[in-house]
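Numbering of residues begins at 1 and proceeds along the displayed sequence.
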Amino acid sequence: MDGHGADLDSLPYIDKEYDDPAIRSQVLEMIQEEMGRMSPPAIPRSTSLFKNSELLRKEYERVKSGRPLPLFDIDRYKLEAPKEANIDEWQWASDNAASQLEHQNIRLVNLELLQQFGANAWKLSNFQKERMLAVIENATDGYKRTGVDLNKARKYEQVEAGVKLRDLESRWEEGVRQCIEIQVANCQLLAEISKLEHGTSNST
């Protein structure tokens, strides 16, 4: 029925034996017994994740081991004057102040870019996501329709097969009944022949 050469002996739209709790329990026991004879799937014991990213691999190992996330370092964002008159400390403080100034400058540039292009970029992003959603919904509807059509075709084929099976079953039962009647008639005929032969032999 499926066109792939497979012989299917189950007609769920026709067979109603599974509705019987006793039959259902027997089927489930047979399934469990069959699953017990099946070999378990081969699953690798260890899988190396994030082979190409050391950063992600370390973070994964941290989460896996349950270690807490390191605290955010805010010392470098502080602008404090050195406590000692040391050239190295003053140089570090000067470099830190320059980096903080550049960081604030970059933030201002980003805010200006966001103010100028953010709204259009957001609208474009929403439009793209809506288009993707529409494509996914159309594909989902198509798969649903395909499933419904397939189930309808299966039901039609099984109903047609059920009609043929019931016709063949009735013909088989009629054939068996006729065979039994013929066997009974043969037995009766043999008994009469034997009786006649017995009577003939007695008369002679």
Side-chain angles (χ1 to χ4, degrees), residues 1-53 56-57 60-61 63-66 126-204:
M1 288 173 60
D2 59 354
H4 295 284
D7 295 329
L8 302 179
D9 58 356
S10 175
L11 300 175
Y13 291 101
I14 303 301
D15 299 332
K16 300 301 180 182
E17 291 82 358
Y18 191 72
D19 296 336
D20 186 357
I23 299 297
R24 186 186 301 112
S25 177
Q26 183 179 0
V27 170
L28 293 177
E29 290 179 359
M30 294 174 63
I31 292 175
Q32 293 297 328
E33 181 181 356
E34 182 68 21
M35 292 178 63
R37 292 196 296 264
M38 297 171 59
S39 59
I43 301 177
R45 296 183 178 180
S46 60
T47 303
S48 179
L49 301 177
F50 309 115
K51 295 181 179 180
N52 300 326
S53 177
L56 292 177
R57 185 170 62 253
Y60 171 75
E61 292 174 355
V63 174
K64 185 178 179 181
S65 62
N126 287 339
F127 174 77
Q128 292 174 343
K129 289 180 174 60
E130 289 175 355
R131 292 296 301 170
M132 292 176 59
L133 179 60
V135 171
I136 295 174
E137 289 178 345
N138 290 334
T140 303
D141 293 339
Y143 291 136
K144 288 182 179 179
R145 288 192 298 270
T146 301
V148 171
D149 294 340
L150 179 60
N151 289 330
K152 288 181 178 179
R154 286 176 176 173
K155 184 175 182 179
Y156 175 78
E157 292 177 357
Q158 292 184 19
V159 170
E160 291 293 320
V163 173
K164 294 180 181 178
L165 286 175
R166 283 190 290 269
D167 179 64
L168 292 174
E169 184 179 4
S170 62
R171 291 168 60 184
W172 176 80
E173 291 176 353
E174 179 65 21
V176 171
R177 185 184 63 79
Q178 291 179 0
C179 288
I180 294 175
E181 291 178 352
I182 292 173
Q183 289 179 356
V184 171
N186 287 336
C187 291
Q188 293 177 350
L189 183 60
L190 290 174
E192 292 179 0
I193 293 174
S194 177
K195 184 178 179 180
L196 291 174
E197 290 177 348
H198 183 71
T200 305
S201 61
N202 289 335
S203 62
T204 57

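Applying the 6.0 Å contact sphere to CD of Q26 captures no more than 12 heavy atoms from other residues, nucleotides or ligands.
With rounding to the nearest 0.5 angstrom, the CZ atom of R145 is 10.5 Å from the OG1 atom of T140. Separating the OG1 atom in T146 from the CG atom in N151 is a distance of 11.0 Å, to the nearest 0.5 Å.
Exactly one of E29, E33, M35 qualifies for a side-chain contact (heavy atoms from CB on, under 4.5 Å) with I31. That residue is M35.
Here S65 pairs with R67 under the side chain to side chain donor-acceptor pair (under 3.5 Å) rule; sequence neighbours left out. I193 pairs by the side chain to side chain contact (heavy atoms under 4.5 Å, CB included) definition with L189, E197, not counting sequence neighbours.
With a 4.5 Å cut-off on side-chain heavy atoms, L133 and K129 do not count as touching. Two residues are said to be in side-chain contact when any heavy atoms from C-beta on lie closer than 4.5 Å; K152 and Y156 fail this criterion.
Looking only at distances, no side-chain donor or acceptor of S25 sits under 3.5 Å from a matching main-chain atom of P21.
Residue pairs meeting the side chain to side chain donor-acceptor pair (under 3.5 Å) criterion with at least one member in residues 162-177, sequence neighbours excluded: E174-R177, E174-Q178, R177-E181.
A pairwise comparison of heavy atoms in R57 and K51 identifies NH1-O, 3.5 Å as the closest pair.
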